[in-house]
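All remarks here apply to the structure that follows.
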Amino acid sequence: MSLPPKTDVLIIGAGPAGASAALFLSKRNIACTIIDKAQFPRDKICGDALSGKTVEILNRIDKNLVQEMASDSKFTDSHGVIFTAPNGKSLRVPFVMKKESTVPPGFIARRWDFDNFLVDKIKSDPNISLVENTEIRHYEKREDSILATTTEGKDVSTKLILAADGVHSSFAKDKAHLLLEPKHHCFGLRAYYKGVRNLDKQHFIELHFLKEILPCYFWIFPLPNGIANVGIGIRADHAKKKKHQTKADF
């Protein structure tokens with residue numbers, strides 16, 4: 001879809017935050033335009049876990065969304081978290097499941113699949129206009145509107161901007177003036193492994209805190225068909241101090 005010259009609400013970023021915001025607005029019968037620099041489906045480094053909080057938010061948008069996820073083979077049900085301490089001892093923390101619920105309390109799915117699941121919903125919503133392969137780089141506040149300009153020089157005028165394109169976006173840096181604090185900022189590295197055996201039968205996600213890598217941690221999240229998402233979270237100041245060579249995505 002081409003970029004409209006004017007929209008009441010402009011959402012930057014069609015990931016889970018932006019897509020959810022668009023669906024919430026549509027539920028209130030408020031039309032909006034959502035822009036993303038990528039073409040969906042697209043990948044993003046992530047642990048792929050959808051906690052009970054995520055399920056709760058999706059239920060608030062539309063309970064049919066969670067029902068669809070529960071019947072979709074791309075989504076694995078998940079019932080808790082296993083925390084493993086540096087001494088090797090583990091603590092199982094099950095997710096709370098409401099008595100009246102007929103769906104799992106949590107899910108695990110590739111970000112590729114989950115993001116595209118939500119994008120398909122906004123594509124089919126008449127109140128939402130999705131513009132892909134488009135990046136906003138400049139914002140100008142006017143008397144009664146905000147003018148957003150793409151990297152190609154196209155303009156769109158809006159009354160309200162919802163910036164959901166991450167802490168490294170031009171809006172976050174130039175307009176919100178968000179500063180990154182190394183002690184509260186992490187790199188994420190992730191790989192998918194096939195043929196993984198002996199994963200938790202209830203698909204608990206695993207978080208391991210090993211002495212050798214503290215304050216970092218690594219995770220193992222089970223996916224369908226013997227696949228596991230294995231990754232590590234590295235605090236930015238620690239990575240710099242240890243001179244880790246990392247490739248990060250946010």
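- Under the 4.5 Å side-chain heavy-atom criterion for Ile, Leu, Val, Met, Phe, Trp and Tyr, I61 and I34 are members of the same hydrophobic cluster.
- With rounding to the nearest 0.5 angstrom, the CG atom of L65 is 12.0 Å from the CG atom of D72.
- The shortest heavy-atom contact between P16 and L118 is CA-CD1, 3.9 Å.
- The closest side-chain heavy-atom distance from N127 to L25 is not below 4.5 Å.
- Between R42 and D115 there is a salt bridge, with a side-chain nitrogen of the basic residue lying less than 4.0 Å from a carboxylate oxygen of the acidic one.
- Side-chain contact, H208 with E206: a donor N or O sits under 3.5 Å from an acceptor N or O.
- W112 and F40 sit in two unconnected hydrophobic clusters of ILVMFWY residues. Membership requires side-chain heavy atoms under 4.5 Å apart, directly or through other members.
- Taking CG from D174 and OG from S169, the interatomic distance works out to 8.5 Å, rounded to the nearest 0.5 Å.
- A 4.5 Å side-chain heavy-atom check between I82 and I220 finds every atom pair outside the cut-off.
- For I232 against Y217, the heavy-atom pair with the smallest separation is CG1-O, 3.1 Å.
- Panel note: side chain S20, backbone A17; no donor-acceptor pair is recorded below 3.5 Å.
- What you find for D36 and G15 is that their closest heavy atoms are OD2-N, 4.1 Å.
- For the residue pair P104 and A70, the shortest heavy atom distance occurs at CD-CB, 4.1 Å.
- A heavy-atom distance below 4.5 Å is found between the side chains of P105 and H79.
- At least one side-chain heavy atom of V66 sits under 4.5 Å from a side-chain heavy atom of F107.
- Rounded to the nearest 0.5 Å, atoms CG (L207) and CZ (F221) are 5.0 Å apart.
- L210 is listed as a side-chain neighbour of F218, based on a closest heavy-atom distance under 4.5 Å.
- For F75 against A109, the heavy-atom pair with the smallest separation is CD2-CB, 3.4 Å.
- In this structure, Y192 is a member of the same hydrophobic cluster as W219, with clusters built from ILVMFWY side-chain heavy atoms closer than 4.5 Å.
- Both I122 and L162 sit in one connected hydrophobic cluster of ILVMFWY residues. Membership requires side-chain heavy atoms under 4.5 Å apart, directly or through other members.
- Residues I35 and L130 fall into different hydrophobic clusters, defined by Ile, Leu, Val, Met, Phe, Trp and Tyr side chains chained together at heavy-atom separations under 4.5 Å.
- Exactly one residue among E132, E135, R137 makes a side-chain contact (heavy atoms from CB on, under 4.5 Å) with K37. That residue is E135.
- Looking at heavy atoms from C-beta onward, S129 lies out of side-chain contact with T7 at the 4.5 angstrom threshold.
- Of the possible polar contacts, none joining the T33 side chain to the L10 backbone as a donor-acceptor pair under 3.5 Å is found.
- Pairing each heavy atom of P222 with each of I108, the nearest pair is O-CD1, 3.2 Å.
- For the pair N229 (side chain) and C46 (backbone), a donor-acceptor distance under 3.5 Å is present.
- Counting heavy atoms from C-beta on, the side chains of K27 and L23 never come closer than 4.5 Å.
- Here CG of L214 is found 8.5 Å from CD of E212. Values are rounded to the nearest 0.5 Å.
- When side chains are defined from C-beta on, K175 does not count as touching I161, because their heavy atoms never get closer than 4.5 Å.
- A cation-pi arrangement is present between K121 and F117, with the terminal nitrogen or guanidinium carbon under 6.0 Å from the aromatic centre and inside a 45° cone about the axis.
- Within the model, atoms CG of D125 and CG of D120 stand 12.5 Å from one another, a figure rounded to the nearest 0.5 Å.
- By the neighbour-count criterion of 12 heavy atoms within 6.0 Å, atom NZ of K123 is densely surrounded, having more than that number from other residues, nucleotides or ligands.
- For L179, the CG atom counts as loosely surrounded, since its 6.0 Å shell holds 12 or fewer non-hydrogen atoms of other residues, nucleotides or ligands.
- The closest donor-acceptor contact from the side chain of S145 to the backbone of K159 lies at 3.5 Å or more, if one exists at all.
- Using a 4.0 Å cut-off between charged nitrogen and carboxylate oxygen, R190 and D48 do not count as a salt-bridge pair.
- With values rounded to the nearest 0.5 angstrom, L58 atom CG is found 12.0 Å from Q67 atom CD.
- Between T134 and E152, the side chains place no donor N or O within less than 3.5 Å of an acceptor N or O (distance only, hydrogens not considered).
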Exercise for the section: Kindly indicate, with the supporting measurements, whether the criterion side-chain contact (heavy atoms from CB on, under 4.5 Å) is fulfilled by I12 and Y139. Expected result: CA-CA 12 Å; I12 313 298; Y139 301 87; 3.7 Å; yes
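- Heavy atoms from other residues, nucleotides or ligands lying under 6.0 Å from CG of N225 number 12 at most.
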